[in-house]
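To start, the structure under review is shown below, and the notes come after it.
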Amino acid sequence: MQARLRHDRAIAEHSTSRLLLACPDQPGLIARVSGFLAEAGLNIVDADQHSTAEGRFFMRMVFDSVPAGERERLHARFAAELAEPYGMEHRFAESDLPKRVAIMVSREDHCLSDLLWRWRSGELQCELTAVISNHPDHADQVAAVGLPFHHVPVDAAGKEAAERRLLELLGPDLDLLVLARYMQILSPGFLRELDAPAINIHHSFLPAFVGADPYGKAHERGVKLIGATSHYVTAELDAGPIIDQDVTRVSHRDEVDDLMGIGRDVERLVLARAVKAHLDDRVLLDGARTIVF
């Protein structure tokens, strides 16, 4: 991750534009896109591509920032000259237009604290709009960094009303919702109304050791690995496209509290990497999978 950060910071010293695309694979795609940018007088500063065995081509290109007044015309030209003829799904993004991000959290604050630190240090380039929790515990921590904190209690009888309130607080212009150990299940209706991607984090024991006390159950079985998974949220619980994962070894010497501490460390790192990958426009969907450049 540190090597990636150094690379990103070198690029981020000046504003850049980003192009992400996916299409049926065929010869000449890289040359066509590179040629289009060269003809527009735009220098490519970073490029990644991948072709799958199923015949899909994915690419991410970073190039000199297009002046704001010229972007609409360039985008229209790309759509007409390349995207439509080659059946490309594509989007442009600008490094100088930070994404609007909100965080939702329950009682455990290890992921929240880590994200706030990375945001304050400049590692996560985004506009944090608010932190929302179904518990009041983190109000002081959030206020200390100058962000709005909203407490929205959730119970079975009032879940629908709580989700309506959440949508009001999140607003219509959100680019990303981060579930930093938010322990409430979001309804399919909420996700539709949100109309923005959401990223979740959980331990990688699933589908084993489901329910309460997963670390206690894992300790009883003598697990040798502990990990975490960060994925996009879908209507199917904990089954969205995976963005990042990691594991670390444990042994018989580790008690339940040790396992929980190790698990929190892995969760922090995996969630931060997933959020950064999304903010940097490095993630493309390939059905139920992701391509992460």
H231 side chain reached by H202 side chain, heavy atoms, under 4.5 Å:
yes

Run the salt-bridge test on E220 and K217 with the 4.0 Å N-O cut-off and return the result as yes or no.
no

Quick one: do R164 and E168 make a salt bridge, cutoff under 4.0 Å?
no

Side chain to side chain contact (heavy atoms under 4.5 Å, CB included) assessment of Y232 paired with H278
CA-CA 10 Å; Y232 287 117; H278 182 93; 2.8 Å; yes

E193 CD: over 12 foreign heavy atoms closer than 6.0 Å:
no

Output the rest of the hydrophobic cluster of M61: all Ile, Leu, Val, Met, Phe, Trp and Tyr residues reachable through side-chain heavy-atom contacts under 4.5 Å, sorted by chain and number.
L19, L21, L29, I30, V33, F36, L37, L42, I44, F57, M59, F63, V66, L74, F78, L82, Y86, M88, F92

Rounding to 0.5 Å, atoms CG (D96) and NE2 (H14) come to a distance of 11.5 Å

ILVMFWY clustering at 4.5 Å (side-chain atoms), partners of L174:
M104, I132, V152, V154, L166, L167, L169, L170, L177, L179, Y182, L186, F190, L191, L194, V233

Is there a side-chain contact between R71 and S65 (heavy atoms, below 4.5 Å)?
yes

Separation between OG1 of T52 and CG of D25, rounded to the nearest 0.5 Å:
7.5 Å

Closest heavy-atom contact between P241 and G287?
CG-O, 4.3 Å

Show your reasoning for whether side chain to side chain contact (heavy atoms under 4.5 Å, CB included) applies to V247 and V266.
CA-CA 7 Å; V247 295; V266 181; over 6 Å; no

Does the side chain of S204 reach to within under 4.5 Å of the side chain of I226, using non-hydrogen atoms?
no

Step through the shown structure and confirm whether more than 12 heavy atoms of other residues, nucleotides or ligands are within 6.0 Å of CD on E72.
no

Any side-chain donor near an acceptor of the partner, S15 and E94, under 3.5 Å
no

Chi angles and distances behind the side chain to side chain contact (heavy atoms under 4.5 Å, CB included) call for L271, I199
CA-CA 8 Å; L271 181 59; I199 294 177; 3.9 Å; yes

Check whether any side-chain N or O of T290 sits under 3.5 Å from a backbone N or O of I242 as a donor-acceptor pair, and report yes or no.
yes

I'd like to know if D258 pairs up with R253 as an ion pair, taking the criterion as any Lys NZ or Arg NE/NH1/NH2 lying under 4.0 Å from an Asp or Glu carboxylate oxygen.
no

How far apart are the closest heavy atoms of H135 and F149, and which atoms are they?
O-CZ, 3.5 Å

Strictly below 4.0 Å, N to O, side chains only: are R56 and E89 in salt-bridge contact?
yes

Between the main-chain N or O of S106 and the side-chain N or O of H138, is there a donor-acceptor pair closer than 3.5 Å?
yes

Any side-chain heavy-atom pair from V283 and F293 closer than 4.5 angstrom?
no

Has the side chain of S230 got a donor or acceptor atom that lies under 3.5 Å from a matching backbone atom of N200?
yes

What is the minimum heavy-atom distance between A277 and I243, and which atoms define it?
CB-CG2, 4.5 Å

Testing the basics here: between I103 and A180, what is the closest heavy-atom pair and its distance to 0.1 Å?
CG2-CB, 3.8 Å

Output for pair (C111 SG, L116 CG), nearest 0.5 Å, gives 11.0 Å

Please name the pair of heavy atoms, one in T234 and one in A239, separated by the smallest distance, quoted to 0.1 Å.
OG1-C, 4.1 Å

So, do W119 and L147 sit near enough that their side-chain heavy atoms are less than 4.5 Å apart?
yes

Among residues at least two apart in sequence or on other chains, which ones pass side chain to side chain donor-acceptor pair (under 3.5 Å) with D286?
R289

What I want to find out is whether E267 reaches R181 closely enough, with some N-O distance under 4.0 Å, to be called a salt bridge.
yes

When you measure from the side chain of S113 to the backbone N and O of H110, does any donor-acceptor pair fall under 3.5 Å?
no

Nearest atoms (heavy-atom pairs only) where V142 meets P148:
CG1-O, 3.7 Å

Do the side chains of R264 and D114 get close enough for a salt bridge, i.e. N-O under 4.0 angstrom?
no

Pair R60-D46, side chain to side chain contact (heavy atoms under 4.5 Å, CB included): steps then yes or no:
CA-CA 8 Å; R60 175 185 186 266; D46 194 32; 3.5 Å; yes

So, taking the atom named CE in M260 and the one named NE2 in H203, what distance separates them when rounded to the nearest 0.5 Å?
10.5 Å

Is the backbone N or O of R100 less than 3.5 Å from a side-chain atom of D175, with the two atoms forming a donor-acceptor pair by type?
yes

Indicate yes or no: at least one non-hydrogen side-chain atom of T16 is less than 4.5 angstrom from one of V45.
yes

Between E81 and R32, does at least one N-O distance fall below 4.0 Å, as a salt bridge requires?
no

Nearest 0.5 Å, please: how far is CD in E160 from OG in S187?
8.0 Å

Are any of the side-chain heavy atoms of H219 and D254 separated by less than 4.5 Å?
no

Just verifying a value: how many Å separate E70 CD and R77 CZ, rounded to the nearest 0.5 Å?
11.0 Å

Any side-chain to backbone donor/acceptor pair from D109 onto L112? Under 3.5 Å, distance only.
no

So, D246 and R273, do they make that salt bridge, N to O below 4.0 Å?
yes

Is it true that R18 and D281 have a side-chain N and a carboxylate O under 4.0 angstrom from each other?
yes

Is it true that atom CD1 of I185 has more than 12 heavy atoms of other residues, nucleotides or ligands lying nearer than 6.0 Å?
no

Keeping the roles fixed (side chain from D155, backbone from A157), state whether a donor-acceptor pair exists under 3.5 Å.
yes

Would you indicate whether the side-chain heavy atoms of L279 and V101 approach each other to under 4.5 Å?
yes

Would a distance-only check, ignoring hydrogens and angles, find a side-chain to backbone donor-acceptor pair under 3.5 Å from K224 to V250?
no

